[in-house]
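Each remark here refers to the structure printed beneath this line.
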Amino acid sequence: MFTDLEGKVVIITGSTTGIGKACAQRFAKEKAKVVINYRSEKGNDLEELLQELRDLGGDAIGVQADVTKEEDVKRMVQETVKTFGTLDIFINNAGIENEVPSHELSLEDWNKVISTNLTGQFLGCREAIDYFLKHNIEGNIINMSSVHEIIPWPHFVHYAASKGGVKLMTQTLAMEYAPKKIRVNAIGPGAINTPINAEKFADPGKKADVEKLIPMGYIGEPEEIASVAVWLASKESKYVTGHTLVADGGMTLYPSFQAGRG
Ligand code: NAI
C-alpha cells in the first residue's frame, strides 16, 4: 500500500475497461478519489464500477470526455476540481490501435490513432500541468506508452509512431517542469490481457505466438500495470521523472537470443 495516495485526486482516461479500469480499482484501494473517464456512452456498467470503487475505499465520479477534443479535456479537469476540489495525478491511458499494412493505411486511420494516443495524451498533460502550475501543486503525470516506443511494429506504424512520440513528449515535459517538482513518467506495458487484445488472444495459436515473445512466458494482467502506476504516483518514486517503466515480462530483452542463441 502507498499511504500517501489516500485522498489524492486522480483522473484516469479511458478507464471503464482494461488497464485504465485496473488502475482505477487499485487507486480506490489506496483510498484515492478517482475520476473515471469514458469517451461517449455511459454504458450500464458505469454506476456499478463507481460503486465498486467506493466500496474499495475510494471515492469516484464518471466524466464523459473524448480525449481528442480540447474542450472535453478542459471540461474534464474543471468537473474534477468542481467535485473533488483539486487535481493531483493525471493518467493518460486512453488508446486505440488497428492492424493495417502501412502502404494501405488511410490518412483517416493514421489521424485517428495519432489524435487519440499522442495528441490526446498531450492535451491531458497540458491541462494537468497548467492546473498544477496555477495552484502550486507538485503534481504527477503518468502516460500509458507501450513496448512499442522501443520495438518497431509492422502493420501498426501509426501506433508505434504514437508511442514513440509519447516517449519523447514524456521526457521533454519531465525536463521542462522538473524545477516545479511536477513529475512526468510513462509506463511501457508488454502484452496485457485486455479488450484491445481480446480477439487475438481468443485464438490459441495467436496467443501462443505472443507468449513466445515473452521470456517470463505469460501474458500480463492489467493489475500488474496498475501496481506500477501506483508506485509511480506515490512519493516512493519521488526522484523518478522522465522515465518509461517497462512492465513486459522481458519482451524488450531480445527474447530470440534466449539460451545462448545468436
Ligand atoms: P482498452 O481498449 O481496454 O482500453 C482503452 C480505453 O480507451 C477504452 O476504454 C476506450 O473506450 C478508451 N478510449 C479510446 N479512445 C478514447 C477517446 N478518444 N477518449 C476517451 N477514451 C477513449 O485497452 P487497454 O489495453 O486497457 O489499453 C490502455 C492503454 O494501454 C492504451 O494506451 C494502450 O495503447 C496501452 N497498452 C496496452 C497494451 C496491451 O497489451 N493491452 C500494451 C501496451 C500498451
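Remember, it's a predicted structure, so these values are computed and weren't measured experimentally. All ligand and atom numbering here is 1-based and tracks the order in the structure.
- Distances from atom 4 (O) of ligand 1 to the heavy atoms of Thr17, Ile36, Ile219 show the closest one on Thr17.
- Of the possible donor and acceptor atoms, one in the side chain of Glu30 sits under 3.5 Å from a partner among the backbone N and O of Phe2.
- You'll find the side chain of Val34 stays beyond 4.5 Å of the side chain of Asp59, heavy atoms only.
- The heavy atom nearest to atom 24 (P) of ligand 1, considering only Val147, Thr194, Ile192, is found in Thr194.
- The protein non-hydrogen atom at the shortest distance from atom 43 (C) of ligand 1 is Pro189 O, 3.3 Å.
- For atom 30 (O) of ligand 1, the nearest protein heavy atom (residue, atom name, distance) is Met144 CG, 3.4 Å.
- If you check each of Tyr38, Phe201, Tyr159 against atom 34 (O) of ligand 1, the one with the closest non-hydrogen atom is Tyr159.
- Listed by atom number, the atoms of ligand 1 under 4.0 Å from Asp66 heavy atoms are 17 (C), 18 (N), 19 (N).
- Of the heavy atoms in Ala191, only backbone atoms (N, CA, C, O) come closer than 4.0 Å to ligand 1.
- Proximity of Val67 to ligand 1, defined as any heavy-atom pair under 4.0 Å, is shared by backbone and side chain alike.
- By the 6.0 Å contact criterion, NZ on Lys180 is open, its count of non-hydrogen atoms from other residues, nucleotides or ligands being 12 or less.
- Neither the backbone nor the side chain of Asn117 has a heavy atom within less than 4.0 Å of ligand 1.
- Among Ser115, Gly14, Ala65, the residue whose heavy atom lies closest to atom 20 (C) of ligand 1 is Ala65.
- Assignment of Asn197 to the shell around ligand 1 is supported, since a heavy atom sits closer than 4.0 Å.
- Under a 3.5 Å cut-off, the side chain of Asp203 and the backbone N or O of Gly205 do form a donor-acceptor pair.
- Within ligand 1, counting atoms from 1 as listed, the ones closer than 4.0 Å to a heavy atom of Pro195 are 3 (O).
- Remark: side-chain polar atoms of Thr194 are not paired, donor with acceptor, to backbone N or O of Gly18 under 3.5 angstrom.
- In this structure a side-chain-to-backbone donor-acceptor pair under 3.5 Å is present from Gln64 to Arg39.
- When non-hydrogen atoms are compared, ligand 1 lies under 4.0 Å from the side chain of Lys163 (C-beta onward) but not from its backbone.
- Between the side chain of Thr13 and the backbone N or O of Ala94, at least one donor-acceptor pair lies under 3.5 Å.
- Near Thr116, with a cut-off below 4.0 Å to any heavy atom, the atoms of ligand 1 are 15 (N).
- Protein heavy atom in closest approach to atom 5 (C) of ligand 1: Gly95 O, 3.6 Å.
- Protein heavy atom closest to atom 37 (C) of ligand 1, with residue, atom name and distance, is Ile19 CD1, 3.8 Å.
- Nearest protein heavy-atom contact of atom 28 (C) of ligand 1 is Asn93 OD1, 3.2 Å.
- For ligand 1, the atoms lying closer than 4.0 Å to a non-hydrogen atom of Gly18 are 3 (O), 26 (O).
- Looking at Val230 and Ser234, their side chains never come closer than 4.5 Å, going by heavy atoms from C-beta outward.
- Atom 22 (C) of ligand 1 has Ala94 CB, 3.5 Å as its closest protein atom, hydrogens excluded (heavy atom only).
- Taking a cut-off of under 4.0 Å to the non-hydrogen atoms of Ile96, the atoms of ligand 1 that pass are 14 (C), 15 (N).
- A side-chain donor-acceptor contact under 3.5 Å links Gln121 to the backbone of Met144.
- Where the criterion is an N or O separation shorter than 3.5 Å, residue side chain and backbone included, Gly190 meets it with respect to ligand 1.
- Looking from atom 23 (O) of ligand 1 to the surrounding protein, the closest heavy atom is Ile196 CB, 3.4 Å.
- Checking side-chain atoms of Thr116 against main-chain N and O of Val113 turns up no donor-acceptor pair under 3.5 Å.
- Scanning for side-chain hydrogen bond (donor to acceptor under 3.5 Å, both in side chains) contacts around Thr17 gives an empty result, with sequence neighbours left out.
- In this structure, Glu104 places its CD atom where more than 12 heavy-atom neighbours from other residues, nucleotides or ligands lie under 6.0 Å away.
- At a heavy-atom cutoff of 4.0 Å, ligand 1 is contacted by the backbone of Ser145 but not by its side chain.
- Between the side chain of Asn37 and the backbone N or O of Gly14 there is at least one donor-acceptor pair closer than 3.5 Å.
- Given atom 11 (O) of ligand 1, the protein heavy atom at minimum distance is Arg39 NH2, 3.7 Å.
- In this structure, the side chain of Asn117 does not engage the main chain of Gly95 through any donor-acceptor pair within 3.5 Å.
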